[in-house]
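The next block holds one structure in the form of structure tokens; read it before the comments.
By convention in this document, chain letters (A, B, ...) are assigned in the order of the sequence lines, proteins followed by strands, and residues within each chain are numbered from 1.
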Amino acid sequence: MKRRISILFFLAVSSLLLTGKVMGQRVSFGLYATENIVLTPLGTGALDFNTKQHILLSGQTVTVNLADDATAILTITGRLDQEITVTIDAPGTLDLNVSNSIPLSVKFAYSNTGASTDVQAKLSATEMATGFTSATFPILRRASGLPAPPPTPSHSGYVAPTGTAYIFLYGTLGAVPTNAAAGFYSGNINVHVSYAKN
Amino acid sequence: MKGFLMSLEKYIIATLFLLMAITIDAQKTTSVSIKAQATVIDKAEIELVTIKYLDIDAGMAVNGIINVSAKRDGQAGVMMVKGRPDANFRISFAPVVEIPNSAGKGSLSLKYEMFGYSSDNQGASEPIDAAARTLKINSDGKYYFWLGGLIDISKARPGKYEGEFTLEIEYI
């Protein structure tokens, strides 16, 4: 959460440097904020480490990689002419109760190549380095050529084109403490998506 | 000076508008929660013990084929499951594994053969296919597996081949 506030502050300062264009950007924010972004978990909607390793014992570490079936997958549907900022807010542990926890390290990747299936999307996904919790990218990556013109301002009867990007969540669980109690350990990874303020 | 102040005022107004706009936009963030989960099993509940490794030697080949019978051969690997007495469980494994040549190029394809029984009696063991199948630990908390395999070395490159067999077990 602290990380998101600092990014917003940076953007505000950067925009101030662009004298004369500040007001136009302000108007844009208001317009795009009315467009919805739809996040949809695919499959089980969970990052289940037992999918990678059925039997998990104390002392062991399980790593789910991007290529594994155990990755959690989300689709993001939103405006094609806007960049989006994805922020991952993951707990540092999976917990059974207050006295039993397992260290958790979450990574994520995104795919914005216009793939029609999650399988195709995974093959072209961009992995974020360990420790990164946020990324800004367009819903559809520009393949080549010049940058696209500015977004069409919203007006009566205009429906902005939309597209779908994919988010993959994976990571490492463990090592399971040697004194960890047997049971079902869980935690929630919150994924926040908004249009980037550029 | 006056001009500078007017200019500064413009900046201040712009700043206020920006922050206000960002605040509004932040409310439009879409969020979703993904569950991360894992079930940990107590070590005391289930344990897989390797009693004897599967020993494959090129000298055992007949017409370029090595065949270690899980049911009959002494070279078969032996594993034992230790767990809750009389508990049902199932296993899964990859029936075919590529074994890389650790001393050079190439690899060999090893087709595993698995037999199992509820006591240490290889001759009485029954075939177990790779598909998950329900088995039962005996009243002493044990179950035995014998591992053999079929491998064609007739076209193999010279070298040293080492692989491993992974057996996954879960209670039902």
Side-chain angles (χ1 to χ4, degrees), chain A residues 4 8 11-12 15-16 19 22-23 25-27 29-30 32-41 45-50 53-59 62 72 74 76 87 90-91 94 96 102 104 106 169 171 173 176 180-195 197, chain B residues 3-4 6-49 79 81-84 87 89-94 130-133 137 166-172:
Chain A
R4 200 183 331 154
L8 290 177
L11 288 169
S15 299
L16 281 175
T19 56
V22 172
M23 300 302 285
Q25 289 189 0
R26 180 185 68 82
V27 174
F29 291 154
Y32 299 136
T34 64
E35 303 290 339
N36 288 328
I37 297 173
V38 179
L39 287 177
T40 307
L47 172 58
D48 187 349
F49 286 89
N50 292 120
Q53 181 173 322
H54 290 169
I55 304 297
L56 183 56
L57 303 172
S58 61
V62 186
L74 294 170
I76 304 171
T87 303
L94 292 189
L96 175 67
I102 307 172
L104 172 70
V106 173
L169 297 169
L173 181 68
V176 180
F184 180 73
Y185 288 72
S186 66
N188 287 325
I189 303 170
N190 296 314
V191 180
H192 308 288
V193 181
S194 60
Y195 287 115
K197 300 149 190 72
Chain B
F4 172 75
M6 286 182 66
S7 178
L8 185 62
E9 184 182 13
K10 186 172 75 174
Y11 282 131
I12 293 171
I13 291 171
T15 304
L16 291 174
F17 279 151
L18 266 176
L19 293 178
M20 183 175 69
I22 289 170
T23 302
I24 291 168
D25 196 37
Q27 291 175 339
K28 293 297 181 181
T29 297
T30 304
S31 302
V32 69
S33 186
I34 295 292
K35 179 81 77 181
Q37 61 192 44
T39 298
V40 174
I41 293 177
D42 193 323
K43 264 186 176 173
E45 288 188 13
I46 194 163
E47 191 173 357
L48 189 59
V49 180
M79 292 174 289
V81 171
K82 294 171 68 177
R84 291 201 302 264
F89 69 102
R90 63 179 164 226
I91 66 167
S92 60
F93 60 95
R133 171 184 162 180
I137 295 175
T166 301
L167 177 66
E168 291 186 331
I169 303 175
E170 63 181 339
Y171 284 123
I172 300 173

The criterion is side chain to side chain contact (heavy atoms under 4.5 Å, CB included); which residues satisfy it with A:D48, sequence neighbours excluded?
A:N50, A:T51, B:Q37
Note, A:N188 side chain near B:K35 side chain (heavy atom, < 4.5 Å)
yes
Which atoms form the tightest heavy-atom contact between A:A46 and B:I34, and what is the distance?
CA-CG2, 4.1 Å
On a heavy-atom basis, which atom in A:L173 and which in B:A38 lie closest, and how many Å separate them?
CD2-CB, 3.4 Å
For A:L74, which atoms come within 4.5 Å of any heavy atom of chain B: side chain, backbone, both, or neither?
side chain
Give me the atom names and distance for the closest heavy-atom approach of B:A36 to A:L104.
CB-CD2, 4.4 Å
Return the set of residues passing side chain to side chain contact (heavy atoms under 4.5 Å, CB included) with A:L96 (not counting sequence neighbours), or none when no residue passes.
A:N100, A:A181, A:Y185
Specify which of A:N190, A:L39, A:V176 makes the most heavy-atom pairs with chain B at under 4.5 Å.
A:L39
Between A:S186, A:G183, A:A180, who has the most heavy-atom pairs with chain B when the cutoff is under 4.5 Å?
A:G183
